Amino acid sequence: MLDGSFIGGASYAGSSGEMIEIIDPANFSVVASCALASASDVDHAVHVARAAFTDWSRAAPGERASALNALASRMAARSEEYVAVETSQTGKPLRLSREFDVPGSIDNVSFFAGASRNLEGKASAEWDGVHTSLIRREPVGVVGSIAPWNYPLQMAMWKMLPAVAAGNTIVLKPAEITPLTSIMVAEDCMAAGIPAGVVNVVCGTGLVAGEALVSHPQVDMVSFTGSTPVGRRVMELATAGIKRVHLELGGKAPFVVFDDADLDAAIQGAAAGALINSGQDCTAATRAYVQRPLYQAFCDGVADLFAAITVGNPLDDSTDIGPLISKRQQERVSGFVERARAQGAQILTGGSIGTGDLAGGAYYLPTIVTGVEQDWEIVQQELFGPVLVVLPFDSDDEGIALANDSVFGLAASAWTRDIFRGLRAQREIKAGCVWINDHIPIVSEMPHGGFGQSGFGKDMSTYSFDEYTQIKHVSMDITGESRKPWHRTIFSEKG
Ligand code: NAD
């Protein structure tokens, strides 16, 4: 049994008396049992973060950088433990945890250790000739961060690192079903010398702990990654306190294949881009639009690859994709596919939950859906599973228009060997990230964040400092005169 929360440098059992079982979705076994935080536990965490703010915000950037470098080393030393725990609470294959989630998170820590020493502003100058102006980039204060379950460790790091590197303190609420690696990070922050109270974690439900955190008057900024409907609620709650809000929300990434594309590359890219993390990825390829001459060959090729994917035990090295996060998510995905089937869609491969050896977990088979219309829910709504819909298009204009026909705008890709088509696509597709001839790769140095109902603000990269710092203009008189030149507007020429 775990305390569930980590506040002020120590585990914290909390006061609700309620527990949550953390379930391995590969076999529905109980991995751990955590105490759930109440609203008063959140209040305690926020006060602790507030108390830690002054010292941490004034720590020299080099001091913050060396603590973050120590955190990177500490996490690297425990990386296999992180891999095992991340896999057990999500069901993602060990291979994915080992090659993506954990090293990606550690790389992020290293990046922000360096970036914390490079906060930039406009050059100082005497813009009006008689004052020296300088720009200070100051931390916002206490950040309430809320993370989802799909990449629990990476999302916790994306929320925590730019905030803490810029001198803020945080209270992080991971998804209540996947809190374990966030708690490990909080422990490692202490071991790395990040002062108690700078990083606090509360394990609690969205309705209780999440809403208490977002609404707390001592929380200066809310940083949320999760679904669009919950993001809307978070924004409403933050409005009362005029809090700064950063929202990383849902996605429904288009994957546009022009008729000159390298077909094999597009097929491989679609399978990898749609199935990563069992499709539970906000940037996953979900809507493939394929120009008519390649349409059939693309469908056949992706269907062959989907059918060859090994769905299975996450602990097995030969497994390509594991289960979905929960029975509930399995039902959600299945519901979308069944409703599309009832509307007349064709299911080229998959289209069912796992059977046989897979029946004991939240498995769903890689699925291709065709014969759909652009306005169907399976094309327009995020279902967050291993399901790719494929639609044909004729003209380039139509392909781009279909890609943009979505309330979301998180990520997209275009596949072509024609430089001008590629340039057009990167300019005209409305998304926070457009890949050309690939789909999914991310790097710590580049921003991640959406357009439209995918939210606003950036994670990763130095652009994230725009969210987690506020700009102060300092203006200093350099004349030393009592009667300043601009006083003329008040005093006229009177002595
Ligand atoms: P979710 O919105 O259900 O939950 C996200 C977090 O919000 C959880 O911690 C949850 O407990 C909390 N929450 C729920 N209700 C709340 C409330 N009323 N007030 C405050 N907090 C509340 O999302 P999920 O199902 O955990 O994750 C999947 C979603 O996350 C997908 O929509 C996916 O696209 C999105 N996502 C987006 C990004 C991105 O960078 N844009 C990255 C990963 C996941």
Side-chain angles (χ1 to χ4, degrees), residues 4 20 25 34 36-37 39 42 89-90 92 101 104 108 144-159 162 171-179 182 201-216 219 222-239 243 245-253 276-286 324-326 328-330 332-333 381-385 406-412 431-433 440 442 446-461 464 467:
I20 183 163
C34 287
L36 280 174
V42 171
Q89 66 177 352
T90 58
K92 64 179 72 200
D101 298 71
N108 244 255
S145 295
I146 298 183
W149 45 256
N150 61 333
Y151 293 106
L153 176 62
Q154 292 204 78
M155 293 304 106
M157 302 318 274
W158 289 14
K159 303 280 93 181
V171 176
L172 167 72
K173 193 201 85 61
E176 58 272 34
I177 56 174
T178 55
S182 298
V201 174
V202 289
C203 171
T205 63
L207 280 180
V208 175
E211 297 214 355
L213 184 58
V214 175
S215 316
H216 199 291
V219 167
V222 176
S223 173
F224 173 82
T225 300
S227 62
T228 296
V230 177
R232 192 171 288 119
R233 171 73 180 148
V234 163
M235 198 167 169
E236 276 166 19
L237 290 171
T239 304
K243 293 181 202 292
V245 179
H246 171 198
L247 299 176
E248 294 286 359
L249 308 178
K252 189 80 182 172
I276 184 164
N277 209 31
S278 300
Q280 301 166 120
D281 183 309
C282 51
T283 63
T286 54
L324 296 170
I325 190 71
S326 61
R328 190 162 154 235
Q329 189 63 15
Q330 187 192 40
R332 177 181 164 80
V333 171
Q381 292 182 30
E382 184 180 48
L383 56 77
F384 234 47
S406 169
V407 296
F408 299 112
L410 189 56
C433 172
I440 287 297
I442 49 171
M446 286 288 115
H448 168 92
F451 290 5
Q453 292 189 21
S454 291
F456 46 81
K458 299 297 175 193
D459 281 329
M460 304 203 293
S461 80
S464 61
E467 321 306 325

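Every number for a ligand or one of its atoms is a count from 1 in the order of the listing. Computed over heavy atoms, backbone and side chain alike; hydrogens, waters and symmetry mates excluded. Since we're looking at a predicted model, the values are computed, not measured.
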Report yes or no: does [X] contribute a side-chain atom to a donor-acceptor pair with the main-chain N or O of [Y] at less than 3.5 Å?
| X | Y | result |
| --- | --- | --- |
| Lys173 | Ile146 | no |
| Gln329 | Phe384 | yes |
| Thr225 | Ala147 | no |
| Lys92 | Asn150 | yes |
| Ser278 | Gln280 | no |
| Glu467 | Asp459 | no |
| Ser454 | Gly409 | yes |
| Asn277 | Tyr151 | no |

Please identify which atoms of ligand 1 are closer than 4.0 Å to at least one heavy atom of [X].
| X | answer |
| --- | --- |
| Leu410 | 41 (N) |
| Ile146 | 6 (C), 7 (O), 9 (O), 12 (C), 20 (C), 21 (N) |
| Asn150 | 43 (C), 44 (C) |
| Met155 | 42 (C), 43 (C) |
| Ala147 | 6 (C), 8 (C), 9 (O) |
| Pro174 | 9 (O) |
| Glu382 | 31 (C), 32 (O), 33 (C), 34 (O) |
| Glu176 | 10 (C), 11 (O) |

Quiz item: If you measure from atom 13 (N) of ligand 1 to every heavy atom of Ala175, Gly206, Pro152, Cys203, which option wins on shortest distance?
Solution: Gly206
Quiz prompt | Full working for side-chain contact (heavy atoms from CB on, under 4.5 Å) between Trp158 and Ile442 | solution = CA-CA 12 Å; Trp158 289 14; Ile442 49 171; 3.5 Å; yes
Self-check item: Close side-chain approach of Gln453 to Leu249, heavy-atom, < 4.5 Å
Solution: no
Practice problem: Would you check if Pro179 and Val201 make a side-chain contact, meaning some heavy-atom pair closer than 4.5 Å? | Solution: no
Practice problem: Might you check, step by step, whether the distance between atom 30 (O) of ligand 1 and some protein heavy atom is under 4.0 Å? | Solution: yes
Do me a favour and list the nearest non-hydrogen protein atom to [atom] with residue, atom name and distance?
| atom | value |
| --- | --- |
| atom 35 (C) of ligand 1 | Gly226 O, 3.2 Å |
| atom 2 (O) of ligand 1 | Ser227 OG, 2.6 Å |
| atom 25 (O) of ligand 1 | Trp149 NE1, 2.8 Å |
| atom 42 (C) of ligand 1 | Cys282 SG, 3.0 Å |
| atom 16 (C) of ligand 1 | Val230 CG1, 3.4 Å |
| atom 18 (N) of ligand 1 | Glu211 OE2, 2.7 Å |
| atom 37 (C) of ligand 1 | Leu249 O, 3.1 Å |
| atom 33 (C) of ligand 1 | Phe384 CZ, 3.2 Å |

Quiz item: Does an N or O from His448, backbone or side chain, lie closer than 3.5 Å to an N or O of ligand 1?
Solution: yes
Quiz item: Considering distance alone, does some N or O of Lys173 sit under 3.5 Å from an N or O of ligand 1?
Solution: yes
Practice problem: Identify the residue among Val214, Leu213, Val245 that makes a side chain to side chain contact (heavy atoms under 4.5 Å, CB included) with Leu237. | Solution: Val214
Self-check item: Side-chain ion pair, Lys159 and Glu248, N-O less than 4.0 Å
Solution: no
Quiz prompt | Nearest non-hydrogen partners of Gly204 and Glu176, listed with the distance | solution = O-CB, 3.4 Å
Quiz item: If you measure from each heavy atom of Tyr151 to ligand 1, is any distance below 4.0 Å?
Solution: no
Exercise. May I ask whether Pro229 places a heavy atom under 4.0 Å from ligand 1?
Key: no
Practice problem: Answer with side chain, backbone, both or neither: which part of Asp281 has a heavy atom less than 4.0 angstrom from an atom of ligand 1? | Solution: neither
